[in-house]
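In what follows, a structure is listed as structure tokens, so that the remarks can point back to it.
Hydrogens, waters and symmetry mates play no part in the numbers below; they use all other heavy atoms, side chains included.
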Amino acid sequence: MNAFVESLLKIYDYIRPVLDVGIIAFLLYKVYGLLRRTNAVQIITAVFIIGLAYLAANFLQLTTLQWILNTLAPGVFICFAIVFQPELRKMFLRLGQIEWFTWGNRSKHTYVDSVLIAAEILSKQKRGMLVVFVRHTKLDNILDTGTRLNADLSSNLLVTIFGHNTPFHDGACFVQGGKLLAAGCLLPLSEQNDIKKTFGTRHRAALGMSEVSDAVTLVVSEETGAISLTYNSQLHYDLSMEQLTQILETQLNITPEEQKIEDTIDEQKSLS
């Protein structure tokens, strides 16, 4: 028995460096993906500058600068957290939403087709549209700004809401699975300063939604009819139907059990 345990320990000694490096590489890859999907450039730049100043003070033996940095270090971190609070909030939000272990193909979303059909119709009519696909982040506070519906999702319902001057026309609809959760909701506007001036309130609201949550928002321009998507604090403008379908099916990952429920609902609708 002791010989067997010793053999396992020897094998572990051989694979331990590989395991150590592998775990570090996996974590670095996930952190890189997190930073790539958030506006973390300002945070990284600030950390780099402070670190560079500290290294320079130690290397050049600048005692006064060292004393100032050591004395002000706690206050600097507090100020850092206050100044970059929106960016830090987004980073931790993304960190909690990371799917650490995902393999295989993603499921097809049957309910996406209803939204895309309505978007295509409204695009040709030059009618604005704003639909939020809910994912993991709880959005009850934003849903409460509109009218709760909890209705079965259909393209006709969306065209009715946005294709006519209804009270819900200027707000956003929230979709989750095959349900239309709410309509006429008010979205937070984007805090970004480099948005094109040609973009109206709908695009700013769609981009703002992607900055405070992990939701994916589809927006149809009333001026040009262009269909766009916002997610991960980015706006992807004027996409084709193929691009829209591919991105939505990639971003809105649902489990096979949920897909079976969707297929069952579709079969019942077709029979009725």
Side-chain angles (χ1 to χ4, degrees), residues 33-34 36-39 90 93-94 97-99 102 105-137 139 142-143 153 155 158-159 161-163 169-183 185-192 194-254:
L34 170 67
R36 188 168 57 87
R37 292 195 298 266
T38 57
N39 298 327
K90 293 171 189 175
L93 179 65
R94 302 298 182 199
Q97 295 161 356
I98 288 180
E99 296 175 358
T102 53
N105 295 326
R106 300 182 182 270
S107 303
K108 178 177 173 60
H109 297 68
T110 56
Y111 62 88
V112 168
D113 295 336
S114 299
V115 180
L116 292 181
I117 291 172
E120 189 173 21
I121 294 173
L122 294 168
S123 172
K124 293 178 181 178
Q125 297 177 356
K126 297 292 182 67
R127 301 289 296 185
M129 178 181 180
L130 197 56
V131 175
V132 179
F133 293 91
V134 179
R135 298 180 67 194
H136 303 97
T137 306
L139 303 171
I142 301 178
L143 287 170
L153 180 65
S155 56
L158 291 174
V159 171
I161 291 174
F162 293 104
H169 172 74
D170 290 327
C173 286
F174 278 74
V175 170
Q176 188 171 35
K179 290 292 184 179
L180 179 60
L181 302 182
C185 300
L186 303 178
L187 305 186
L189 298 181
S190 174
E191 299 175 357
Q192 298 183 27
D194 56 349
I195 305 176
K196 292 183 179 180
K197 295 182 179 180
T198 55
F199 289 153
T201 305
R202 280 194 180 88
H203 290 86
R204 293 177 182 272
L207 190 55
M209 195 67 211
S210 70
E211 294 172 356
V212 300
S213 72
D214 65 342
V216 181
T217 304
L218 183 146
V219 54
V220 178
S221 172
E222 197 167 279
E223 289 75 22
T224 64
I227 307 175
S228 309
L229 290 175
T230 64
Y231 55 93
N232 296 334
S233 302
Q234 294 181 348
L235 172 65
H236 303 268
Y237 184 72
D238 196 11
L239 301 174
S240 65
M241 297 305 295
E242 291 77 12
Q243 291 173 320
L244 290 166
T245 302
Q246 183 179 5
I247 293 174
L248 287 173
E249 290 183 354
T250 300
Q251 293 295 321
L252 306 176
N253 185 30
I254 58 176

Where Tyr237 and Ser228 come nearest, the two heavy atoms and their spacing: CD1-OG, 3.1 Å
Atom OG1 of Thr201 and atom CG of Leu186: how far apart are they, to the nearest 0.5 Å? 11.5 Å
Please give me the minimum heavy-atom distance between Thr230 and Ala206, naming the atom from each residue. OG1-O, 2.8 Å
Rounded to the nearest 0.5 angstrom, the CG-CG distance for Leu116 and Leu218 is 6.5 Å
Any side-chain heavy-atom pair of Ser210 and Thr217 under 4.5 Å: no
Report yes if some heavy atom in the side chain of Leu229 is under 4.5 Å from a heavy atom in the side chain of Gln243; otherwise report no. no
Nearest heavy atoms of Ser114 and Leu158, plus distance in Å: O-CD1, 4.3 Å
Angle class for the His236/Tyr231 ring planes (parallel below 30°, perpendicular above 60°, tilted otherwise)? parallel
Within-4.5 Å side-chain heavy-atom neighbours: Leu139 and Leu181: no
Rounded distance (nearest 0.5 Å) linking atom CD of Glu223 with atom NE2 of His203: 8.0 Å
Do the non-hydrogen side-chain atoms of Val220 and Arg127 ever get within less than 4.5 Å of each other? no
Side chain proximity check, Ile117 to Val159, heavy atoms < 4.5 angstrom: no
Can you tell me how far the CZ atom of Arg202 sits from the CG atom of Asp170, to the nearest 0.5 Å? 6.0 Å
Donor-acceptor contact present, side-chain Ser155 to main-chain Val115, <3.5 Å: no
If you look at every heavy atom in Ala182 and Leu143, which pair is closest and at what distance? CB-CD2, 3.7 Å
Which heavy-atom pair separates Ala119 from Met129 by the least distance, and what is that distance? CA-SD, 3.7 Å
Between CD of Glu120 and CD1 of Ile227, what distance do you get to the nearest 0.5 Å? 6.5 Å
Considering only heavy atoms from C-beta outward, does the side chain of Ile161 approach that of Leu180 to under 4.5 Å? yes
Could you measure the distance from the CG atom of Asp214 to the CE atom of Met209? Nearest 0.5 Å is fine. 9.0 Å
Chi angles and distances behind the side-chain contact (heavy atoms from CB on, under 4.5 Å) call for Phe199, Leu207: CA-CA 11 Å; Phe199 289 153; Leu207 190 55; over 6 Å; no
Flag the pair Leu187 / Phe174 as yes when at least one side-chain heavy-atom distance between them is below 4.5 Å, and no otherwise. yes
Flag side-chain contact, heavy atom, 4.5 Å: Ile142 against Pro188: yes
Minimal heavy-atom distance between Leu130 and Gly171, with the atoms involved, is CB-O, 4.0 Å
